[in-house]
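Counting convention: from 1, in listed order, for ligands and their atoms alike.
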Amino acid sequence: MSKTFAAITGVHGYVPDYVLTNEELEKMVDTSDEWITSRTGIKERRILKGVEKGTSVLGIEAVKGLLEKTGTNPEDIELLICATVTADMHFPDTANLIAAATGLTKAYTFDLSAACSGFLFALTTASQFIAAGTHKKVIVVGADKMSAIVDYTDRSTCILFGDGAGAVLLEPSGEYGVMDQQLHSDGQGQHYLYMKGGGSFHPPSAETIANKEHFIVQDGKPVFKAAVSGMSDVVSKVMARNGLTNDSVAWLVPHQANKRIIQTVASMADFPIEKVMVNIQKYGNTTAATLPLCLFDWEKRLHKGDNLILTAFGGGFTWGALYLKWAYDTPS
Ligand code: COA
């Protein structure tokens, strides 16, 4: 029997209007455009301003655009998975809120949390439903309002993150789509990148607020090292077992956490930087949104049959690589 793959048949991205530049950050913390640019490659990031605007606002815009550009009837969507670590609320899931606002009345929906690897984990999960033949139209969203959990007095983290969302439509194909993947988790990573307060471990209290436990904490150096070795390892394994070389792969699509991490992973896999998607300078690290925002930014340059390697690393630790055969040429 022939195999069914989950093909991406559309992608859309959304970032909010407000641009937080390195120059503005220079006025908020003791930092400089030179330090941020040379250590991370980031020049600016987008921030969702306004009260009572959660991650769902970003996801809704991405999904609305996706439905419109693919001419998809919202009622035909059977499942929507939203990867996020900045859900609007503990419950209901942000995926439910996105579905309600975009007319997905027939879909069941859930959130998936794997930090910066969230989109890769969600894409893998969603693709199994298509490959199994039980679902025909599935949406995967990666969305994060990182500004909600960033401490803008901590110069080591506030320069890194931004807000954004991306969404892809998955449909069955006999030829294109998610061909293979390798994902990993290692709980030892909990000590290096976390947000301590607000969950059942330290429920919100005056004390957790005073101790700044509702913000991201990161020990950058061990995260940097683990990200480089984790992503390099899975990229080489996925490429080797699929007979891929850096000639036969059109694009490396890495999580956008730090330009130096991206450059090191690319060089370890012998990828010329011209074949690596990099947009970190515009958005910073948007966590679950980085990969779909890359696909969205590069959509017009992708061709049917292109081999893509997606890779990500995030809190947890979580990491992985995924081999995707692109399914369409963008109509001009
Ligand atoms: N501006 C100026 N100086 C800063 C700064 C900033 N924004 N942030 C930190 N520094 C200082 C530090 O205080 C330190 O000063 P010291 O030597 O006097 O103590 C110095 O710069 C070096 O800090 P360090 O943390 O060693 O820098 P780094 O080269 O490791 O870069 C990161 C820091 C965060 C950019 C880098 O470690 C990183 O990108 N890590 C991985 C991030 C990541 O991938 N996170 C998400 C996973 S998905």
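- Between the side chains of Tyr176 and Glu171, not a single donor N or O lies within less than 3.5 Å of an accepting N or O.
- Residue Thr157 does not touch ligand 1, judged by heavy-atom distances below 4.0 Å.
- In this structure, atom 37 (O) of ligand 1 has protein heavy atoms in its sub-4.0 angstrom surroundings.
- For ligand 1, the atoms sitting less than 4.0 Å from at least one non-hydrogen atom of Thr31 are 1 (N), 2 (C), 6 (C), 7 (N), numbered in the order shown with element in parentheses.
- Of the possible polar contacts, one joining the Thr330 side chain to the Glu299 backbone as a donor-acceptor pair under 3.5 Å is found.
- Taking every non-hydrogen atom of His255 and a distance limit under 4.0 Å, the qualifying atoms of ligand 1 come out as 48 (S).
- Considering only heavy atoms from C-beta on, Ile42 stays 4.5 Å or farther from Asn285 through its side chain.
- Residue Ile159 touches ligand 1 through its side chain alone, judged by heavy-atom distances below 4.0 Å.
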Q) Is there a side chain to side chain contact (heavy atoms under 4.5 Å, CB included) between Val19 and Arg46 once you walk through the steps? A) CA-CA 5 Å; Val19 180; Arg46 300 301 185 94; 3.6 Å; yes

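- A salt bridge does not link Asp163 to Arg45: none of the charged side-chain nitrogens sits closer than 4.0 Å to a carboxylate oxygen.
- For Trp35, every heavy-atom contact with ligand 1 shorter than 4.0 Å involves the side chain, none the backbone.
- Remark: the Asp144 side chain and the Thr84 side chain contain an N/O donor-acceptor pair separated by less than 3.5 Å.
- Salt bridge present: Lys282 and Asp297 bring a charged side-chain N and a carboxylate O closer than 4.0 Å.
- Under a 4.0 Å criterion applied to the non-hydrogen atoms of Gly220, ligand 1 contributes the atoms 37 (O), 40 (N), 41 (C).
- For atom 28 (P) of ligand 1, a protein non-hydrogen atom is found at a distance below 4.0 Å.
- Atom 17 (O) of ligand 1 is not flagged as protein-proximal [any protein heavy atom, distance under 4.0 Å].
- In this structure, Ala227 does not count as a contact residue of ligand 1, since none of its heavy atoms falls inside 4.0 Å of the ligand.
- The nearest protein atom to atom 39 (O) of ligand 1, hydrogens excluded, is given as Asn258 ND2, 2.6 Å; this is a heavy-atom distance.
- Remark: atom 46 (C) of ligand 1 lies closer than 4.0 Å to at least one protein heavy atom.
- Between the side chains of Asn307 and Ser248, no donor-acceptor pair is found at a separation under 3.5 Å.
- The atoms of ligand 1 that sit less than 4.0 Å from any heavy atom of Gln218 are 42 (C), 43 (C), 45 (N), 46 (C).
- Only side-chain heavy atoms of Cys116 come within less than 4.0 Å of ligand 1; its backbone N, CA, C and O stay farther off.
- Among His214, Glu213, Lys196, the single residue meeting the side-chain hydrogen bond (donor to acceptor under 3.5 Å, both in side chains) criterion with His202 is Glu213.
- Heavy-atom separations between Thr40 and ligand 1 include at least one value shorter than 4.0 Å.
- Relative to atom 22 (C) of ligand 1, the option among Arg260, Arg39, Arg155, Lys259 with the closest non-hydrogen atom is Arg39.
- The aromatic rings of Phe313 and Phe317 sit tilted relative to each other, their planes meeting at an angle between 30° and 60°.
- For the pair Phe224 and Gln218, the minimum side-chain heavy-atom distance is 4.5 Å or more.
- Remark: minimum distance from atom 26 (O) of ligand 1 to any protein heavy atom is reached at Lys221 NZ, 2.6 Å.
- Atoms of ligand 1 found under 4.0 Å from any heavy atom of Gly314, numbered from 1 in the order shown, are 48 (S).
- Side-chain atoms of Gln263 never come within 3.5 Å of backbone atoms of Ile273 as a donor-acceptor pair (strictly under, hydrogens ignored).
- Which of Phe313, Phe317, Phe224, Phe161 comes nearest to atom 48 (S) of ligand 1 through a heavy atom is settled by distance: it is Phe313.
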